[in-house]
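Worksheet: one structure, shown below.
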Amino acid sequence: MPHLGQELVLEHPARFRVVACGRRWGKTELGKTALLLRTAWDKKRGWWLAPTVMMASQVWRDLKASLRYSPDVRISESERRIDIAGGGMIAVRSAHHPDNLRGEGLDLAVLDEAAFMEPRVWPEIVRPMLASTQGGALFLSTPFGRNWFWDLYRLGMDDEVPEWKSFQFSTESNPMIAREELASIRQQTTDQVWRTEYLAQFNDDSGQVFRGIRAAVIPGRVAAPEAGHVYIAGVDWGRQHDYTVIAVIDATARRMVALDRFNNIGWSLQRGRLKAMAAAWRTQLIWAEANSIGAPNIEALQEEGLPMRSFLTTSKSKSPLIESLALAIERGIIGLLDDPALLGELASFSLERLPGGGYRYGAPPGTHDDTVIATALAWYGVENGSIGFDFA
């Protein structure tokens, strides 16, 4: 049975309904219900559109599973189309190549994660397919800045445009999501991601990842390690265009104490600078990026007795690494050095939401993020514990 929010959307008479909703609110179930119960079984024709082939595939599997025991149903795997006796039809399509979508008239088009489709998909491709039938459309998505989906959402907020109606639902409005689960997610999520992904708010913030940077800066520098304190380092390797950066954090006081940034020197000398900094700060753990050039340098330093740990950066591992540091800065948990390179890279570091639902983090073209990665690796070491090491 649909929950209250889903029922409000299903029962509303507007021809075009725009639903901005948080993760796990139930937009997929809403869309499938609209297609099956309100369209195909009513001898009408509908399409499900998703930004990528992978997202479309999951819905295709779900629809087939829900109809596999139904009589008078014909399923075409090659066309991803389900025909129901009497004239009802559902087809699942990817909007990855919009021009391939041109075709038949529709009674209903469901645009899943609409905000992540090309803007022309609606006016140039889908809207004309609804003309001859006077069909409707259901736009389902988490927000993605103030793009074309935002424009349609505003249209549906205007009472002078009765064909359109907009809805906004947070994840919390889904009664199937436990409150303690949401509380746990909130504790581990930056404000930007929380507002967009779970509160379904439209934010015009150009994807800035780190907030509260200036407030996190602690004036002055600590000159030497303090007795009884634990020091963790993070290393991002570079040589020519990129920089090698070594960041050291006092894990006991939760503040950065040292940062070394350099390039255009050989690996042996780079390792020597890391050894010198580790000795100076009696560093107990060093997390270093292991990708490509990192692995042999880490192995060489391990052979010399340094407490090196490898971090393999992938699209999957980078997100929690960056988000953990962003959360610490945003909530004032970590103190930062007043270093121009560090503060500049943190300010420009950005986030890009991907059609599949994930994120891509990185520096704008032509800029660097080496100090960001080194600091994030050091903070990762702080959060994941340390081991004792004696430099005597």
Side-chain angles (χ1 to χ4, degrees), residues 23-24 50-55 57-58 96 113 116 142 144 184-185 187-190 192-194 196-197 207-210 232-247 249 261 263 267 270-271 274 285-302 306-330 334 342 345-346 348-387:
R23 291 280 190 95
R24 310 311 303 167
T52 67
V53 173
M54 183 175 294
M55 295 174 69
S57 297
Q58 181 58 56
H96 185 64
E113 291 294 6
F116 303 95
T142 48
F144 185 44
S184 175
I185 293 172
Q187 287 298 315
Q188 303 170 51
T189 305
T190 63
Q192 179 191 28
V193 172
W194 176 256
T196 301
E197 299 296 313
Q208 183 177 355
V209 174
F210 297 99
I232 309 295
V235 182
D236 185 40
W237 304 100
R239 187 164 185 176
Q240 294 178 338
H241 174 68
D242 291 324
Y243 288 82
T244 289
V245 177
I246 307 165
I249 294 178
R261 180 174 181 261
N263 67 355
W267 298 120
Q270 290 196 33
R271 291 194 298 269
L274 175 55
L285 193 65
I286 304 170
W287 279 93
E289 189 173 42
N291 301 56
S292 182
I293 57 178
N297 282 307
I298 292 170
E299 291 175 7
L301 289 165
Q302 286 174 333
L306 267 71
M308 304 295 299
R309 294 293 181 270
S310 299
F311 187 93
L312 186 63
T313 304
T314 65
S315 57
K316 184 176 181 179
S317 68
K318 189 174 184 178
S319 291
L321 180 76
I322 296 300
E323 289 165 8
S324 177
L325 177 61
L327 195 63
I329 294 174
E330 186 176 292
I334 182 177
L342 170 66
E345 287 187 13
L346 287 170
S348 63
F349 199 83
S350 61
L351 171 150
E352 178 187 358
R353 174 79 188 275
L354 302 176
Y359 294 94
R360 180 187 292 123
Y361 291 98
T367 63
H368 299 278
D369 62 3
D370 314 285
T371 63
V372 173
I373 301 302
T375 305
L377 286 168
W379 183 248
Y380 177 85
V382 172
E383 288 204 310
N384 288 275
S386 60
I387 61 172

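For the single chain, residues carry numbers from 1 onward in sequence order. All values derive from a computational prediction rather than experimental measurement. What you see below is based on every heavy atom in this structure, not just the backbone, and it leaves out hydrogens, waters and symmetry mates.
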Shortest non-hydrogen contact from [X] toward [Y]:
X      : Y      : answer
Leu321 : Ala376 : CD1-O, 3.6 Å
Ser319 : Ser315 : OG-O, 3.7 Å
Pro51  : Phe116 : CB-O, 4.0 Å
Ala247 : Ala378 : O-CB, 3.8 Å

Between [atom1] of [X] and [atom2] of [Y], what distance do you get to the nearest 0.5 Å?
X      : Y      : atom1 : atom2 : answer
Gln302 : Ser310 : CD    : OG    : 5.5 Å
Glu299 : Asn297 : CD    : CG    : 9.5 Å
Leu342 : Glu345 : CG    : CD    : 7.5 Å
Thr375 : Asp369 : OG1   : CG    : 11.0 Å
Gln270 : Leu301 : CD    : CG    : 10.5 Å
Ile249 : Ile232 : CD1   : CD1   : 9.0 Å

Close side-chain approach of [X] to [Y], heavy-atom, < 4.5 Å:
X      : Y      : answer
Asn291 : Trp237 : no
Thr52  : His96  : no
Leu325 : Ile334 : yes
Leu274 : Met308 : yes
Tyr243 : Thr371 : no
Leu306 : Ile298 : no
Lys318 : Ile373 : yes
Thr142 : Thr196 : no

**OP:** Apply side chain to side chain donor-acceptor pair (under 3.5 Å) to Thr190 and Glu330, showing your working.
**Re:** CA-CA 7 Å; Thr190 63; Glu330 186 176 292; 4.9 Å; no
Original post:
Any idea how Tyr380 and Phe311 line up, ring-wise: parallel (<30°), tilted (30 to 60°), or perpendicular (>60°)?
Top reply: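 Perpendicular: the ring planes of Tyr380 and Phe311 meet at over 60°.
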Original post:
Checking side-chain contact (heavy atoms from CB on, under 4.5 Å) for the pair Tyr361/Glu323: CA distance, chi angles, key distance, verdict?
Top reply: CA-CA 10 Å; Tyr361 291 98; Glu323 289 165 8; 2.7 Å; yes
With distance as the sole test, does [X] use its side chain to make a donor-acceptor pair with the main-chain N or O of [Y] at under 3.5 Å?
X      : Y      : result
Thr244 : Gly238 : yes
Glu197 : Arg23  : no
Ser324 : Pro320 : no

Original post:
Does a sphere of radius 6.0 Å around CZ in Arg271 hold more than 12 heavy atoms from other residues, nucleotides or ligands, not counting ones at 6.0 Å or beyond?
Top reply: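 Yes - once you tally the heavy atoms of other residues, nucleotides and ligands closer than 6.0 Å, there are more than 12.
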Subject >> side-chain contact (heavy atoms from CB on, under 4.5 Å) assessment of Leu346 paired with Val372 >> reply: CA-CA 6 Å; Leu346 287 170; Val372 173; 3.9 Å; yes
